[in-house]
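The structure appears below as structure tokens.
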Amino acid sequence: MRTTLLRHSLSEGFNNLVRHPLVTLASITTIALMLFLLGAFTLFSVNARQMMARAGEQPPVEITLEIGVTEDEIATIEADLASDPNILEYTMYTPDQNFETFKANLGKDELFADFSADYIPYTFAIRLHDPAGSEDFKSHMEGLPGVRKVDLELKVMQFLSKAIVWVNYATLTAFAVLGVVAFFIISNMVRVAVFARGDEINIMKYVGATNWYIRVPYILEGAVTGLLGGGLAWLSAYVIYSRLYETVAANTLPTDVLAMIPPVELASMVLLLNVGLGIGIGSLGSAVSVRRYIKV
């Protein structure tokens, strides 16, 4: 019985696709457009989160030490930085290095002929993994012996932290809206098919066909339509993103703030997203539509 049901469902599901080619083509195209928009927004969202995370790492936190700080205090501060998991990297600059940088920026070495580097402090330039933890980091470091002050781009880091949250919200909203749109597209496609075969369905019910015997072909039809639409959406998004990457970001370094993620690293994620949502929404939309529009 199960083999017969499966064979009948597969046969009828594919026959329905061929029986109404214009409706099928319109449904696949529309679903592909919706899933393409979803895939495009996903690519944008992933790249935006990465760029904002890198931007949060770029503004260095600068620690200025006291004049005359001891070697033990410097060693303690450096050990604390090395053990902090939120620190991406840090660099220590000696008074001599800071003095040379200062003179180079002014471009007038003769003004500092009698000036000693003994009046220049040690400094640390630091990059953080998560800009949201910058205030806690500042409070902690200012409490260590030998630290004079901690400077950070607080407003920039706060903005980046909030921007990442809003991008995540926007991604979830887009998923929900486009998913609902695709769901109703599938439902309307199945409703047209059900109305076109109303007499045949009634005959099947009169001769004793079960509910699932009637429903499953439509569910498979919706799943195949979603699969084809998802595959078309993925192919379109991949080709366009690859061309955009080659044009805009092919020559950028992976560590640059505006560097895009390579297409091969995102291909499988977007494929699973488009095809999975296409099949899921197609099956669910068909199941709901059949249950609603034919009383079986």
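Residue numbers start at 1 and run along the sequence shown. Heavy atoms only: backbone and side chains are in, while hydrogens, waters and symmetry mates are out.
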- Task: Taking salt bridge (charged side-chain N to carboxylate O under 4.0 Å, His left out) as the test, write out the residues that go with Glu142, two or more places apart.
- Result: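 Testing Glu142 for salt bridge (charged side-chain N to carboxylate O under 4.0 Å, His left out), a comparison that skips the adjacent residues, returns none.
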- Task: Can you see which heavy atom on Gly146 is nearest to which on Glu73, and at what distance?
- Result: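 Closest pair (atom of Gly146, atom of Glu73, distance): CA-OE1, 3.9 Å.
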- Task: Work out which heavy atom in Lys149 is nearest to a heavy atom in Asp151; give both atom names and the distance.
- Result: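 Where Lys149 meets Asp151 most closely, the heavy atoms are CE-OD2, 3.4 Å.
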- Task: Flag the pair Phe137 / Ile126 as yes when at least one side-chain heavy-atom distance between them is below 4.5 Å, and no otherwise.
- Result: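 Side-chain contact under 4.5 Å: yes.
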- Met141 versus Leu81: any side-chain heavy-atom pair under 4.5 Å?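 Yes, close enough: below the 4.5 Å cut-off.
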What's the spacing between [X] [atom1] and [Y] [atom2] if we round to 0.5 Å?
X: Asn274; Y: Ser236; atom1: CG; atom2: OG; answer: 9.5 Å
X: Tyr93; Y: Thr123; atom1: OH; atom2: OG1; answer: 7.5 Å
X: Leu144; Y: Ile77; atom1: CG; atom2: CD1; answer: 6.0 Å
X: Thr42; Y: Leu273; atom1: OG1; atom2: CG; answer: 5.0 Å
X: Glu62; Y: Thr91; atom1: CD; atom2: OG1; answer: 11.5 Å
X: Tyr245; Y: Leu43; atom1: OH; atom2: CG; answer: 13.5 Å

- Following the transitive rule for hydrophobic clusters with a side-chain heavy-atom cut-off under 4.5 Å over Ile, Leu, Val, Met, Phe, Trp and Tyr, establish whether Val264 and Leu244 coincide in one cluster.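 The answer is yes; both residues are in one hydrophobic cluster.
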- Single-linkage hydrophobic cluster Met269~Tyr241, side-chain heavy atoms < 4.5 angstrom: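 Yes, same cluster.
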- Qualifying residue for side-chain contact (heavy atoms from CB on, under 4.5 Å) with Leu35, from Leu33, Leu37, Ile31: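 Option passing the side-chain contact (heavy atoms from CB on, under 4.5 Å) with Leu35: Ile31.
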- Query: Going by an N to O cut-off under 4.0 Å, is there a salt bridge joining Arg148 and Glu66?
  - Reply: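 Answer for the salt bridge query: no.
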- Give a yes or no on whether a salt bridge exists between Lys138 and Asp136, defined as a side-chain N under 4.0 angstrom from a carboxylate O.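 Here Lys138 does not pair with Asp136 in a salt bridge, since their nearest N and O are not under 4.0 Å apart.
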- Message: side chain to side chain contact (heavy atoms under 4.5 Å, CB included) for Phe124 and Val147? Distances and angles first, verdict last.
- Response: CA-CA 10 Å; Phe124 285 90; Val147 175; over 6 Å; no
- Message: Tell me whether the count of non-hydrogen atoms from other residues, nucleotides or ligands lying under 6.0 Å of CZ in Phe44 goes above 12.
- Response: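 Not more than 12 within 6.0 Å, no.
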- Pairs touching residues 74-83 that satisfy side-chain hydrogen bond (donor to acceptor under 3.5 Å, both in side chains), sequence neighbours left out: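 Residue pairs passing side-chain hydrogen bond (donor to acceptor under 3.5 Å, both in side chains), neighbours aside: Asp80-His140.
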- Query: Taking only residues two or more places apart in sequence, or in another chain, which ones meet Tyr238 in a ring-ring contact (aromatic ring centres under 6.0 Å, His included)?
  - Reply: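 Partners of Tyr238 under the ring-ring contact (aromatic ring centres under 6.0 Å, His included) test: Trp234.
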